Each structure stands twice: as C-alpha cells, then as structure tokens.
Amino acid sequence: MEDNKIRVRFAPSPTGYLHIGGARTALFNWLYARHYKGTFVLRIEDTDQVRSTEKAVNVILEGMKWLGLDWDEGPGKGGEYGPYYQMKRLHIYQEYTEKLLKDEKAYCCYCTREELANSREKQVRENKSLKYDKHCLNLSEEEKKRYETEGRKPVIRLKIPAKKIVFNDLLRGEVTFDGELLSDFVIMKSGGIPTYNYAVVIDDALMKITDVMRGDDHISNTPKQIVIYEALGLDVPKFAHIPMIMGQDHSRLSKRHGATSVMEYKKVGYMPEAVVNYIAHLGWSPGDEREIFTKEELIKEFSLDKISKHAAVFSMEKLNWFNSEYLKNMSIDSLTKTLLPFLKEANYIENEESLSPAKIEYIKEVLKLMQGRIKNFSQFIDYADYFFMDKINIESQAFDSVLNKEGVVGILQALKKKLSTLKCWNEESIENAVREVASSLQIKGGQIIHPTRVALSGKKVGPGLFELMVVLSQNKTVKRLKEAIEKIEDAKKISN
RNA sequence: GGCGCAAUCGAAUAGUGGUUAAUUCAGCUGGCUCUCAAUCAGCAAACGGGGGUUCAAUUCCCCCUUGCGCCA
C-alpha cells in the first residue's frame, strides 16, 4: 500500500519570484497530492549559479506559504530523500555520471564554443535539424590527454539511441519522438554542474516521484529525460503536461501583462483564497457551473481528466471578480484585521497594535460602506482616503464640474446651517434634514446631494451620502462643508 | 530550420455523432437609486479553413493555417 502512494513535486528555480504560472503548477501538484493523500515535495533547482539567490528561495517559500500550499518534504521540512537543494546534491550527480562513463553510455566532449558554432552553422545551411556532430564520441586516450594539456575542460554528453521514444502523457495520451533527431546533449557542464534535464531525472528518481506534473513547455524535454532514465536503469515516472498560462495577447505571461509575481497580489490587497480559486480555474474546471471553491472543495474535486489541454489566458478582470466575491463574503472582523497593515502602510493609522476601540469601530464602519465596492485593499486605500485624512483632497475634475457652479455655495451654506444644529445624528434624521433644505430651496435632492458628496469626500462617486455622513461624524461634516465653501469662493475670486 | 503540443463567444470553461451549443467574467440595454458599486431583468457574442468517414460531424480521421513550446 505504502508503495502505491502518490508522490509529486514542485521544483522551482530561485531566480526571481514565484510567478503565476509557477504557482498554478504548484497548486495542481498540491491538489493532486492532497486529493490522493500523497506526498508533496518541494525541491529547489538552484544550479543556475549566476541567477539563483538565497533571497529568491525565501521569496518563493513565502509565496507558497501565503497561498497555503504546504509541502511535506523540502526546505525547512527535511524528509528522507534530501537534500532538497540541487547544489547540495552535486556529489550524487557526479556519482551517476561516473557510472554512465564507465558503462560507456556517456562520453567526454572537448569541443570548444567555436567548433560547436561552426558545426551548427553548417547544419543550418544544409537545413538539417540542429544536432551535435558527435565529434568527441570515440576519442582515444591520447587525444583526450592532448586536449587536457591544451587546458580544455570536458563536458559530459549522453549517447542517444537511434530509436523511437514514446511516452504516455496522462493528459494527452501517447506522445512520440524520434531519437534519431535528438542530439547527444550535455548532461554535465565543465564546472561539474549538471544540466537541467539530467539533475531533474536523478532527483525525481531518487525522491521516488511517481507523477511528474509540469508545464507543457517541458513536453519536448521529456524524451531526453526518458533516455536518461533508461541509461541509468531507473524507473520512468508518469508524466502529465498541463497547459501554460498566457497574457491577454497570447504571448508568454510577463511583466507587461500586469503583476506576474504572486506576492505582488498580496501587496496590492488580494486574498490568497481568491488567487488560489482563480488560478485553479486556469486550465481546470469542475465540469459544472460552480466557480467559488474552498481549498477543501478543490482538493475533493480535483482530477487530471478535468484539466484542459490548451493554453489559458490570464484575466485580471476575472481575478478581480473572484477577489471581490471573497471580500463581500468576509466578516467585518476578519476584513478589518486584514486591512490594518494597508492602513498602516498608507499612514492612515499610526500603529496596528495600539488602536483605540473607538478607532477600530470607526474602521469597521468605513469598511461596511466599502465592502462590495472594492476589488482589493489598495482600492480601499484609494476610495476611502477621506475617512482617514484631516484635509481632504478634492479631485479637480469633481471640483470643476460639481462644486464650482452657480448656486452651489448657497446650497452648501444652507445645508451647513441646518446640519450644524441637528440634534440627532443618524441616517434618518440627516436624510430628513437634507430633504428639508432641498424643498425649502425648491431644488431636487440630487442637486444638493452631489455637491455635498464632493465637499465631504472630494469624489463624485462613493457610498450613499447619508450613511457616509453618519460615519464621518457631525463635526467633520460641518467642517468640510465650510472648507468647501471657502475653496469655491477662493476660486471665484481668482477667476474674477 | 527541425520536432512536439494545441485550437468552442473578447476571456475562462461546459457540452454533444442529430441540441434553441450552456455557464461565469468582461461588454451593451433597462429596473432600483443621490453617484458608484451591489442586485434584478434582458441583449449581443463562438465550434479557425479544407478534405474525408457517416443518413448525419463542432464532436472521429487526415491535411492546411494559426498560436505556443523545445532544440542553438
């Protein structure tokens, strides 16, 4: 029973951040492992010494944790098949390489960059597929020695058998490649560093990975990896190549399509559950109409046969929709808790810990007005700024088109007078007061409401005016009406 | 250049050898309303092209096209 347990892995290169595509691959593997009660391994592929950094490892781990994708073996966790960093496994690759050399399944190649380029150029000219010319396949010991004394450092190449290489993709069925067209590719670079395809095979085999689920950009790498498995006499795992995620223009998802880093979404104020829910739908569907899924439901429903085969396009609008759905359904308490760091960041509050109960209550009231109007917390910071600023910033377009108009000063003055003496500050009495002012001036409600909204918030759009006033308080309402009146009069003076 | 993978409304996906080809996001119209959002009602919108197989193809097969990827 133990032997049948599914083992999958996510193996990122720590060369940047955890991007959306990587996160989706991680998610699918995680869901697959959790669904079948298998093991989810995290392995760091850090053999690109130039681009790999410790910081990038941490950023990726952080991203995984934020999304709630916990791993059973890997960095910080250990496990019986470690180490889980490729650079700590160099001796293992070396060991297998010596075996391949001894078995004459691989050979040293001393060709220089120039020699390879020349050969390649010739192949291009002859319209042939690009392939190593096997110049070093049968070097004698003397020739090898001569190259070494010249100071050449060899790379190790694998001999590719000239036969069909077939594998059964769990998603796509039988995929066939012609080994004849494959080059004797490099498995070990001259510095003793394994190439991607080589390290990945040894690691997957030694870590007893049963199912390799990865982006379909790896389909063409698979035959090479199978050749390595066979040369090493290792069991070939099952493969499932999932579709890639593209930008709106159907090119590879990149920064110009918007945020591609998962942590960027945290920063802008998305809920990890919403991001997970959305990316789960990129290339996968439950087979019916449901859209909103908890992680537990995703685990329950996830299966390979519901993964589509064609590339998916990332849509910010749809993500926004998912996120606002989550925000709408959150309790005010947890919403408040999540919002606090953003308020701090925007300097709307001093300190998250030392907030007075009254202030927390105030934040909750503001949140109630904004919940359902925002797609993320950055938008809250933007839309609700006037609740947290002493001097508000009146948008110039709103000022010109709504406030700086004939008759507005008189309206605001009348309203100010009425509100400043209002005894009872609740939605109902405020509405009554506003309507009374309107009817005494013989104008429609809207003619008083719109300028007042701009005077109080600096914006033309926002929550219902009366509830806004209740939260803002009588003092501030009156004060801002006064300030708006002054501002309009100043503008009139200047233009005259 | 060689090889591989893919192809349903603008996007994500359902679905089927015979259907009015469905749902969600986005878009548009209208209701509600002080604006926006939310919400409700409605509209518009797709089987890439060509050959087969078949009584019947969006669905199965082949070719083309397009997109994406791998190889340097």
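Each chain gets a letter, A, B and so on, in the order its sequence line appears, and its residues count up from 1. Note that the coordinates shown come from a computational prediction; the quantities given were computed from them, not determined experimentally.
No N or O donor and acceptor, one from the side chain of A:Lys459 and one from the base of B:U35, sit under 3.5 Å apart. Side chain A:Arg453 to base B:C34: a donor-acceptor pair is found below 3.5 Å.
Using a 4.0 Å heavy-atom criterion, one finds that A:Leu282 contacts the sugar-phosphate atoms exclusively. Looking at heavy-atom distances under 4.0 Å, A:Lys309 makes contact with sugar-phosphate atoms alone, never a base. Among the atoms of the strands shown, base atoms are found under 4.0 Å from some heavy atom of A:Pro463. If you check every strand for non-hydrogen atoms under 4.0 Å, A:Thr176 touches sugar and phosphate atoms only.
One side chain, A:Tyr107 or A:Asp184, offers a donor N or O that lies under 3.5 Å from an acceptor on the other. Judged by distance alone, the side chains of A:Asn168 and A:Glu174 never bring a donor and an acceptor atom under 3.5 Å apart.
Rounded to whole Å, the separation between the C1' atoms of B:U8 and B:U23 comes to 13 Å. B:G2 and B:U58 have their P atoms separated by 32 Å, with the value rounded to a whole Å. As rounded to the nearest Å, B:C62 and B:G4 have P atoms that lie 13 Å from one another. B:U59 and B:U19 have their P atoms separated by 14 Å, with the value rounded to a whole Å. Going from the P atom of B:A11 to that of B:U20 covers 26 Å, rounded to whole Å. Look at the C1' atom in both B:G52 and B:C25: the space between them is 39 Å, to the nearest Å. B:A57 and B:G15 have their C1' atoms separated by 15 Å, given to the nearest Å. Comparing B:U13 with B:A6, their P atoms sit 15 Å apart, to the nearest whole Å.
Rounded to an integer number of Å, the gap from CE of A:Met244 to C1' of B:A7 is 16 Å.
Considering only heavy atoms from C-beta on, A:Arg453 stays 4.5 Å or farther from A:Val402 through its side chain.
In terms of phosphate contacts, A:Ser308 brings a side-chain nitrogen or oxygen within less than 4.0 Å of OP1 or OP2 of B:U13.
The aromatic rings of A:Tyr362 and A:Phe387 lie perpendicular to each other, with more than 60° between the two planes, well past the 30° mark.
The distance from the CG atom of A:Leu367 to the CD1 atom of A:Ile374 is 6.5 Å, given to the nearest 0.5 Å.
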